[in-house]
Each structure stands twice: as C-alpha cells, then as structure tokens.
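Because the structure is predicted, anything quoted here is derived from the model rather than measured. Within every chain, numbering begins at 1; the chains are lettered A, B, ... in the order of the sequence lines, protein sequences first and strands thereafter.
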Amino acid sequence: MIDLIFPDGSTRQFEPGVTGKQVAASIAVSLAKRAALIKLDGELLDVDRALEHGGKFEILTRDAPEALETIRHDVSHILAEAVQELFPGTQVTIGPAIEDGFYYDVARDEPFSLDDLVAIEQRMKEIVDRDEPIVREVWNRDEAIAHFQSIGEVYKAEIIGSIPAGEDVTVYRQGQWKDLCRGPHLPSTKVAGKAFKLTKLAGAYWRGDHRNPMLQRIYGTAWANDADLAAHLHRIEEAEKRDHRKIGRTMDLFHMQEEGRGMVFWHEKGLTLWRTVEAYMRRRLEAAGYVEVRTPQVLDRVFWEQSGHWQNYRPNMFVCETVEGEELALKPMNCPGHVQIFKYGQKSYRDLPLRMAEFGACHRYEPSGALHGLMRVRAFTQDDAHIFCREDQIVEEVASFIALASSVHEDFGLTRDHITLGTRPTPRAGTDEFWDMAETQLLDAARKAGVEPVVAEGDGAFYAPKLDFQLKDAIGRTWTCGTIQNDYVLPDRLGAEFVGEDGQKHKPVMLHRAICGSLERFIGVLIENFAGAFPLWLAPVQVVVTTITSDADDFALKAAAALRARGLRVETDLRNEKINYKVREHSLAKVPVIAVVGRREAEEGKLALRRLGSDGQEILTLAEAANLLATQATPPDVARETAASEGRVGELLAG
RNA sequence: GCCGCUUUAGCUCAGCUGGUAGAGCACCUCAUUCGUAAUGAGGGGGUCACAGGUUCGAGUCCUGUAAGCGGCACCA
C-alpha cells in the first residue's frame, strides 16, 4: 500500500498503481471530473498516471496557478497538431511553454504567412472542441527512433537519439496525433481551453545553434481564461506605447538613420537628459572614492592582442589601417587604456584600492540583426570603472559596489529583482583553480552585501566571472543593468604590478564594473520605465511657462527668467493659442509642470502650477513657486546630502 | 549574420482585380486675446526606399539591393 498525504494533513492508503483520478473519485465524483493534474511530492503528473509511491499529494484543477504552464504546453501540442493537419509534410521539433505563452518550432520549406496563422488558430480551436483525450504511452527508445524515422520526423528521431540507450521514452497521443514528450499533460484538449492567441512568426536555429538549419517558430500566448488573455494583450499594448524609439521621436530626444547604423544622433532634449544622468553618476562616483580619467579612442592593435580581445572579438572591432602601415582599432572597451594609466609610474599597495572611472566612448561592430534602438548600438558610452586592488580587498570592494549600484538604481526608479552570477564560459582564459577562487569570491561578496545570486552557468566573460544586476521597471519587465567582474587575467596579460608591503612586486586584481552599463541603453531603459514622464529632476524640460492672453507676456518672461535663475530648465509658450490647446500640447510632450499665467496671475505676481497627470492647480507667488520647484527638482543624491549636512549642523548646535 | 514581414508627405496611415497619389495630425498664412487636454479658414509639401525587369501603361506584378520591424544566433 502507498500513503498519500493530503493538503489538509490527513493520510490515506491506496493500492500501488492507483491513478490520481481514481483517488479524486474516492473523494468526490465532481472532483474527479475537474481534476486536471496531480502533484506528488512537488512533481506534476497526469491524472491518469499510475502512482508507484506515496507522498504529499494534491489534486489540481485547471484553475490552479501550477496548471498554467501545463495549459501552455498543451496548447503548443495543439498548435503542432493543427500545423501538421493543415500542412502535411511539416516536421515538428520542440514546443515548450515559456513566460506568458509557448512556441513550437517546425520544419517546412515553404514559409508560413500571417494568413496561415489565422487558419492554424482556427484549426486549434477545432481541436479543442474535439475534446481529444491526451494519453501517455511509454515506448522503447530504439523503437521510438525507428518509428519517428519511418514517418519522416528526423528532428524528433535526433532528439530521442540523444537520450541514453536503454532508457524508455514517453509519447503523448491526442487523437490521431502523437508527440515525443516528457509531460505532464492535461486529460484532454478541451481542458486546455481557448484562451490563447498566436502572436508571431519567427526563425530559430535548430537546437539554438547558428550552424544548424533554421526552423520556423510560431509563438503564442495562452492563459487559463479569456479575462487573463485580454489582460495580457492589454499589457502588451501598454508596453508598446512605452517603446523608447517611439517616445524618443515624439519627445524629440534623439534619432538614428541608416548612414550611421547603430549610432545615435542626440538632439538637444535627449542630450540634456544624458548630461543630467552623467552629472548624477559623476557625483556618486566621486563620493564613493573614484577618480575620473579619459583614455584614447583609437589604439594600436598590440593592446588588443595583449588583452586577448583581438583573438576573441576581432570581427566585431572597428579597425583602421593608416597610410604608414599601422593597424589601429577603435576601443571596444576601456580596460587596456586604464591599465596603461595604472602602469604609468610605480604603484604601491598604499595606492590600492585604486578606483579608476571613465565615461568611456566605445565602438563595437555588432551584428546587424542585433541592433535595437538605444538598447543595442555600435557606438556607446560606458559608465565604466576598474578597481585595482589586492586579493584581500575584493570581497569588501564588490560588496560596497553592490550597495552603491543598488542605491543608484533606486534613485532612477528601478528596483532590483535579483543578481545573477555568471560562471566560467567555454572557451575561457585561466585555470580551473583560478575560476573556483574567482567565482567563490563573487559569491561571498554578494552574500556579504545581503544578496543571494542566481547562478547563470557559463555566462561569465572569457577572463572573469561576473555579477549582473537584474532590475524591474514600473510595469514589471526586467532589464540587465550593471555588472562587476573580478579579473585576474588582464592585469597579468597587460603587465600591471604594484609594490607590496614586503617590497616585492605583486599583481593587482582588476574589478571591471558598470552601474548603468551603457548610457545609451540606460537612457532607453529610463524612457521605458517612466514612459517619457520623467521625474522633475530628470525631465529635459521641467517647466513651461505659458500665457492665456498676450497681456501676460511680460510677466511670463520674467517668471521664466526667475525660475531659470534657480537652475530650472524652463521654456516659455507665448503663442496666440487657446490655453486648452497649450495645456494639451505640453501634457502630451510630458512636461512635468505647466505654469499658467493669465491676466490675474500677472497682476498678482503669481503662477498657477499644473502637474502632469493631474488637473488641479497650485496658485503660488513667483518666489514660492521658484523655491518649491527648485527643491523638488533637486537630484535625489544632492537632496540626501543636503539633509544629512543639515542634520550634522543641527547636532553640532544641539551639542 | 540567419529566417520572416515591412518600406507611400515631417508623423500615423488609406490607396479594390496594374490606368498615372489621398486623409488626419504637423508645418506656413490670415483671422481670433479665448482661464487649464485640439478655434476657424486658406495654403505649401510626395522620382510612392533604391536599381533593374514585365507591360501600351507599375505605388500596385517580378528580381535584386538597402534599411526598418519581429524573432534566432551574438553581446568583451
């Protein structure tokens, strides 16, 4: 007999081989009807699966959150069945559930069209209506290979071929259609429901390898019910409205054009945003004990050969040959330049840790297909720094960097979701002992900073493991911004040394780190995070002073000058247009504060402030408004510093 | 780089089965001085991405190139 422990804590005994459905029926017939999956000791199983052992047992209906992934997986099978019914000769490969949905990769010579997608979706709904039972079968591996070979499913046969000989495989059958699959699945196609939609067609390499043939991938989204599906589609629409490329155009921040692919033309307002971010970063770095440097844009190839980048990334570098036969490269990163400064003169252990920062303009020839607005460009500026330190300083430096980066991210309205630890890749430089040590140091440092990283196997750089910050934006999307890598390889290759307490020469460790990553990309993330409605301190135009009638022109100009004198970024709008029109226009332009002046305000020396997103107004004297707005426009780090220094003065006076 | 789709006015888009280009917004001009998300009238603006081809005739069909978009691969 096997013991099943139910969620309420009670235990009941059943014959081995009993199915989940039978157990459900022993409780209530209605429950057996609604049972979609069972969970045994945390493992999801088909309801008709014979149970071989006891354990913590739970019956799940299709509404259970855990069932959603299975619904998506089922819908991907239904997609594959529909495709093969409509397009005989198409081979199926794999079709997993993914975040928010599923995809299925199929092989067919003819490309699918958007019209095909409509037909496929229609057929999928018919398959759901057919209520085909989904049945699990255990097959002998070699017979399975032979079977899939015989029906022309060479990709499936290849997958089974990679399963160790002697192991059985499982095949799920729904109606006439069957697929190699680990499962679990719902009891029938009807249970999967119709809250799905095919969303896009794409190409994808077989097994994710660019040397393999390209398959056609059909993406879809699937949910437990229509309301969830509608909500998801609505979220997608909202996310599209935040697209930084669209907002960049409508807010006149930047543009890109084909003569400079992957390069940004920053317009006045965009550059204002840039300079605001850069000035903020500069203050934070200075406060954290960094020094700022600047290194050459173009350097001889010998540096890139020494660092190993020439060998690893030569095709992705912009290289130029001079008339005198030198071969130079635009810097793809700043590390060798910083090491040259470190090596200039002698360094002592007393100089360490030496935190060397640069807003470094780098160029990388990214593959054309990788380019994406500001998010992936060929010319970018890193908020880069290298911390040269002794081995025993690594953990401390990394931990304080995590604190600094987290504070910066929060100031920009981004919250940390988690940190990943990217471990040794293949190929890589350095010995396994080195990698063991370097990975352990990063892990220790993260823990010291109170963070437990999620391991990303093989995601490190070729010379060092790394910690990457995964941030969540205002609508819950995650972005990777910020990294730190502890590198023993490049200081050695580039010949960096310092004199230790023992008078001997030692190799420093180099911590490569960035908080924004690239400023281009970071600004792209900020645009999407705020949907263009920046907080006052970041907004390119903070205030528009606008008139109701031309009687107020003189006062409006005076008010604008007064606000500018308080350091605010102010525009005036004296056009002969209705106030409704002006308010609408500046609201659409996401200006945080509209200061309206009519005859009344002009006579009384006041401003009527209207905040973006609210329709009320605050009527203040010009002096009050200037003080209030100047305070509110203070960058968060400056505001904290001011508050702290006031606190210290208060303590001194009290003491 | 690979697969697919797309490319018409500054922007968003319409243009049926090939017969010689249209809307809204924006822009310019004039009128309007109007209290918190679009005042009215008039006007200018397009080698229909580029290069070939088919045709009496191409924005429309075909081929190639480029760029953009969605993925994949890549991301020091």
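- B:U29 and B:A41 make up a base pair, with Watson-Crick or G-U wobble contacts both under 3.5 Å.
- The interatomic distance linking A:His586 (NE2) with B:A26 (P) rounds to 13 Å, in whole Å.
- Searching all strands for a Watson-Crick or G-U wobble partner of B:C2 with both distances below 3.5 Å returns B:G71.
- Using a 4.0 Å heavy-atom cutoff across all strands shown, A:Pro367 reaches at least one base atom of the nucleic acid.
- Mapping A:Cys335 and A:Gly262 onto RNA chain B by nearest heavy atom places A:Gly262 at the nucleotide closer to the 5' end.
- When heavy atoms are screened at a 4.0 angstrom cut-off, A:Leu114 is found touching no nucleic acid atom at all.
- Taking atom CD of residue A:Glu577 and atom C1' of nucleotide B:A31, one finds them 12 Å apart after rounding to whole Å.
- Here the closest heavy-atom approach between residue A:Gln542 and residue A:Val591 is recorded as O-CG1, 3.9 Å.
- Rounded to the nearest Å, the gap between the C1' atom of B:A23 and that of B:A31 is 25 Å.
- Distance CZ (A:Arg108) to P (B:C3): 17 Å, rounded to an integer number of Å.
- Comparing B:G4 with B:U63, their P atoms sit 12 Å apart, to the nearest whole Å.
- Of the side-chain N and O atoms in A:Tyr581, none sit less than 4.0 angstrom from OP1 or OP2 of B:G40.
- If you check B:C3, B:G1, B:C75 against the side chain of A:Met214, the one that comes closest is B:C3.
- Heavy atoms of A:His372 sit under 4.0 angstrom from primed sugar atoms or phosphate atoms, though from no base atom.
- Base pairing analysis places B:A23 opposite B:U12; the two distances defining the Watson-Crick or G-U wobble pair are each below 3.5 Å.
- Counting non-hydrogen atoms under 4.0 angstrom, A:Arg245 reaches the backbone sugars and phosphates but no base.
- When Watson-Crick and G-U wobble pairs are counted only if both distances are under 3.5 Å, B:C61 pairs with B:G53.
- A:His309 has its ring centre less than 6.0 Å from the ring centre of A:Phe462.
- Contact check, A:His255 against B:G10: no side-chain N or O comes under 4.0 Å of OP1 or OP2.
- As judged by a 4.0 angstrom heavy-atom cut-off over every strand, A:Lys578 is placed among the base-contacting residues.
- Nearest nucleotide to the A:Ile579 side chain, out of B:G70, B:U33, B:U36: B:U36.
- One interatomic measurement links the two molecules: CZ of A:Arg575 to P of B:A26, which rounds to 10 Å at whole-angstrom precision.
- Spacing between atom CZ of A:Arg376 and atom C1' of B:G1 amounts to 12 Å, rounded to whole angstrom units.
- Distances were taken from every side-chain heavy atom of A:Lys200 (C-beta onward) to each of B:G70, B:G1, B:A76; the shortest belongs to B:G70.
- The environment of CZ in A:Arg575 is crowded: more than 12 heavy-atom neighbours from other residues, nucleotides or ligands sit within 6.0 Å.
- Atom name P, nucleotides B:C30 and B:G18: the rounded distance is 47 Å, in whole Å.
- Here the separation of B:C62 from B:U55, taken at their C1' atoms, is 12 Å to the nearest Å.
- Rounded to a whole Å, the CE atom of A:Met251 is 19 Å from the P atom of B:C11.
- Here B:C2 is the nucleotide among B:C2, B:A37, B:C75 with the atom lying nearest to any side-chain atom of A:Tyr205.
- No contact: A:Gln257 has no heavy atom under 4.0 Å from any strand.
- Rounded to a whole Å, the CG atom of A:Asp384 is 11 Å from the C1' atom of B:A76.
- The residue A:Asp209 sits apart from the nucleic acid: no heavy atom pair falls under 4.0 Å.
- Nearest to the side chain of A:Ala608, among B:C72, B:A37, B:U36, sits B:U36.
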Margin query: Test side chain to side chain donor-acceptor pair (under 3.5 Å) on A:Arg301 and A:Gln306; report intermediate values, then the result.
Written below: CA-CA 9 Å; A:Arg301 64 181 274 182; A:Gln306 282 172 16; over 6 Å; no
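- Across the P atoms, B:C16 and B:G10 are found 22 Å apart, a figure rounded to whole Å.
- Counted by atom type alone, A:Lys582 and A:Thr547 present one or more donor-acceptor pairs between their side chains at under 3.5 Å.
- Considering only side-chain N and O atoms, A:Tyr219 lies under 4.0 angstrom from the phosphate OP1 or OP2 of B:C72.
- Comparing B:A58 with B:A49, their C1' atoms are spaced 16 Å from each other, to the whole Å.
- Within the nucleic acid shown, A:Gly208 comes within 4.0 Å of sugar-phosphate atoms alone, with no base atom in reach, counting heavy atoms only.
- If you check every strand for non-hydrogen atoms under 4.0 Å, A:Tyr103 touches nothing.
- Counting any heavy atom pair closer than 4.0 Å across all strands shown, A:Glu366 reaches no nucleic acid atom.
- Surrounding CG of A:Asp209 are more than 12 heavy atoms belonging to other residues, nucleotides or ligands, all under 6.0 Å away.
- Within the nucleic acid shown, A:Ala370 comes within 4.0 Å of at least one base atom, counting heavy atoms only.
- Under 3.5 Å, the side chains of A:Tyr219 and A:Arg217 contain a donor-acceptor pair of N or O atoms.
- Using Watson-Crick or G-U wobble geometry with both donor-acceptor distances under 3.5 Å, B:U7 finds its partner in B:A66.
- Within the 4.0 angstrom heavy-atom criterion, no nucleotide atom of any strand lies near A:Glu110.
- For the OP1/OP2 pair of B:A37 and a distance below 4.0 Å, the side-chain nitrogens and oxygens of A:Arg611 include no atom meeting the criterion.
- Under the Watson-Crick or G-U wobble criterion, with both distances below 3.5 Å, B:G18 has no partner in any strand shown.
- Close to B:U12, at under 4.0 Å from its OP1 or OP2, lies a side-chain N or O of A:Arg249.
- Between A:Arg261 and B:A67 there is a side-chain N or O to OP1 or OP2 distance below 4.0 Å.
- Relative orientation of the A:His512 and A:His386 rings is perpendicular, given thresholds of 30° and 60° on the angle between their planes.
- For the OP1/OP2 pair of B:U33 and a distance below 4.0 Å, the side-chain nitrogens and oxygens of A:Ser550 include no atom meeting the criterion.
- To the nearest whole angstrom, the two C1' atoms, one in B:U29 and one in B:U12, are 25 Å apart.
- At a threshold of 4.0 angstrom between heavy atoms, the contacts of A:Lys331 with the nucleic acid are absent.
- A salt bridge is defined here as a Lys NZ or Arg NE, NH1 or NH2 lying under 4.0 Å from an Asp or Glu carboxylate O, and A:Arg610 with A:Glu618 fails to meet this definition.
- Between A:His409 and A:Phe469, the ring centre distance stays below 6.0 Å.
- Dashed line: the shortest gap from a side-chain N or O of A:Lys246 to OP1 or OP2 of B:C11 is not under 4.0 Å.
- Nucleotides B:G59 and B:U6 place their C1' atoms 15 Å apart, quoted to the nearest Å.
- Look at A:Asn580 and you'll find a side-chain N or O under 4.0 angstrom from OP1 or OP2 of B:A37.
- Computed from coordinates, the A:Glu240 CD to B:C69 C1' distance equals 11 Å when rounded to whole Å.
- In this structure, the nucleotide among B:A37, B:U36, B:A76 sitting nearest to the side chain of A:Arg584 is B:A37.
- Here A:Tyr313 lies parallel enough and close enough to stack on the base of B:A76, with planes under 30° and ring centres under 5.5 Å apart.
- Counting non-hydrogen atoms under 4.0 angstrom, A:Ala202 reaches a base of the nucleic acid.
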